[in-house]
Q: 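Here's a structure for you.
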Protein chains: 2
Amino acid sequence: MSVPLYQAKAEFFRTLGHPARIRILELLSERDHAVHELLDEITIEPSNLSQQLSVLRRSSMVVSRRRDGEVVYSISAPEVRDLLLAARRILLGLAAQLADLEPELTPPQPSGSQRRQAR
Amino acid sequence: MSVPLYQAKAEFFRTLGHPARIRILELLSERDHAVHELLDEITIEPSNLSQQLSVLRRSSMVVSRRRDGEVVYSISAPEVRDLLLAARRILLGLAAQLADLEPELTPPQPSGSQRRQAR
DNA sequence: TGATCACTTGCAAAGGTGTTCAATTGTTGT
DNA sequence: ACAACAATTGAACACCTTTGCAAGTGATCA
């Protein structure tokens with residue numbers, strides 16, 4: 001293998017590491033979308049959307065085709081959906097753990113709201 | 001929820017987006033490791049390793065504790081393991097697709113080692 | 001106490017990423 | 001052929017990350 005797998009993985013995750021790209025993938029994992037449909041859902045400049053789409057295209061996570069004067073994008077690896085779900089599970093799990101350890105943080109508790117957090 | 005979920009997800013994936021951090025998580029998902037054990041496995045300056053560990057700590061993906069004069073790290077969300085596996089599956093799937101679409105690019109292989117993998 | 005080991009932190013240089021605007025391509029309708 | 005639309009590209013700038021070195025902390029042991 002030319003590129004070590006852990007490096008390919010890192011690149012892959014970096015590709016996912018942008019809010020707009022996450023939203024795009026979430027929308028596409030429901031159904032194919034034309035660019036202007038994505039624009040309706042995501043608050044972003046058209047050119048910026050295009051940039052993000054091109055990042056996803058470069059990584060082969062999505063493909064585009066032209067249909068009736070629009071460009072339609074689809075997910076090329078349906079398993080991406082599972083990945084996003086797995087991420088949500090982990091995220092919610094971590095959040096729950098945090099809430100557990102520091103229940104005194106969230107509501108504006110007056111007395112001794114000192115945060116100790118192992119520096 | 002204060003931070004939109006898709007933004008938290010992006011942050012989460014960005015945390016995974018570094019080769020050293022991937023390796024650390026892979027090692028930790030096998031078993032807990034002391035810092036110097038990680039150093040033996042990963043080719044990296046100690047201070048750099050420390051920085052990467054601190055990124056993982058900040059995101060609550062790992063926790064550290066001191067034991068017998070060493071600092072031992074462990075994974076705090078065991079599901080991370082599934083996530084790494086899911087990533088590998090997708091990565092290998094994408095690679096296979098690429099190999100399929102452009103068999104003429106890599107080696108000039110003549111006879112049919114074709115792989116088909118229906119989009 | 002002082003030396004040493006095991007890590008961590010601060011910081012500056014270098015490199016990389018994201019955002020926007022303007023310009024461009026390509027397609028469709030008149 | 002031209003205008004209008006849809007999407008993309010290029011370039012400049014700001015911002016963030018990574019890296020390595022030097023310095024620092026904090027525990028353990030002679």
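Hydrogens, waters and symmetry mates are skipped; everything else that's a heavy atom, side chains included, is used. A note on names: the letters A, B, ... follow the listed sequences, proteins ahead of strands, and every chain is numbered from 1.
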Q: With a 4.5 Å heavy-atom cut-off, do A:Glu26 and B:Lys9 have their side chains touching?
A: yes
Q: Among C:dC21, C:dT9, D:dT17, which nucleotide has an atom closest to any side-chain atom of B:Gln51?
A: C:dT9
Q: For D:dA27 and B:Arg66 - does any side-chain N or O of the residue sit under 4.0 Å from the phosphate oxygens OP1/OP2?
A: no
Q: Could you give the CG-to-P distance, from A:Leu38 to D:dA6, as a whole number of Å?
A: 14 Å
Q: Of the nucleotides C:dC7, D:dG20, D:dT8, which has the atom closest to the B:Val35 side chain?
A: C:dC7
Q: When you measure from the side chain of B:Ser76 to the backbone N and O of B:Ser60, does any donor-acceptor pair fall under 3.5 Å?
A: yes
Q: Any chain of hydrophobic side-chain contacts (each under 4.5 Å) joining B:Val35 to B:Val55?
A: no
Q: Go through C:dC21, D:dT9, D:dG20 for me and flag the one nearest to the A:Ser50 side chain.
A: D:dT9
Q: Using whole Å, what does the distance between atom P of nucleotide C:dC7 and atom CZ of B:Arg67 come to?
A: 11 Å
Q: Taking only the side-chain heavy atoms of A:Arg57 (C-beta and beyond), determine which of D:dT9, D:dC21, D:dT17 contains the nearest atom.
A: D:dT9
Q: Does B:His18 make a side-chain N or O approach to OP1 or OP2 of D:dT19 shorter than 4.0 Å?
A: yes
Q: Using every non-hydrogen atom in the two residues, find where B:Ser74 and B:Asp32 come nearest and quote the distance to one decimal.
A: CB-OD1, 3.0 Å
Q: Rounded to whole Å, please give me the gap between CG in A:Leu49 and P in C:dC21.
A: 16 Å
Q: Return the 5'-most residue of the pair A:Ala20, A:Gly69 with respect to DNA chain C, ranking by each residue's nearest nucleotide.
A: A:Ala20
Q: Nearest to the side chain of B:Gln52, which nucleotide is it out of D:dT19, D:dT9, D:dG20?
A: D:dT19
Q: Respond yes when some side-chain nitrogen or oxygen of A:Tyr73 is under 4.0 Å from OP1 or OP2 of D:dA6, and no when none is.
A: no
Q: Go nucleotide by nucleotide along DNA chain C from the 5' end; which of A:Ile44 and A:Asp68 gets its closest nucleotide reached first?
A: A:Ile44
Q: What residues form a salt bridge (Lys or Arg N to Asp or Glu O under 4.0 Å) with A:Glu45, not counting sequence neighbours?
A: none
Q: Please state whether the phosphate of D:dT18, meaning OP1 or OP2, lies under 4.0 angstrom from any side-chain nitrogen or oxygen of B:Arg21.
A: yes
Q: Measure from NE2 on A:His33 to C1' on D:dA6 and round the result to the nearest Å.
A: 17 Å
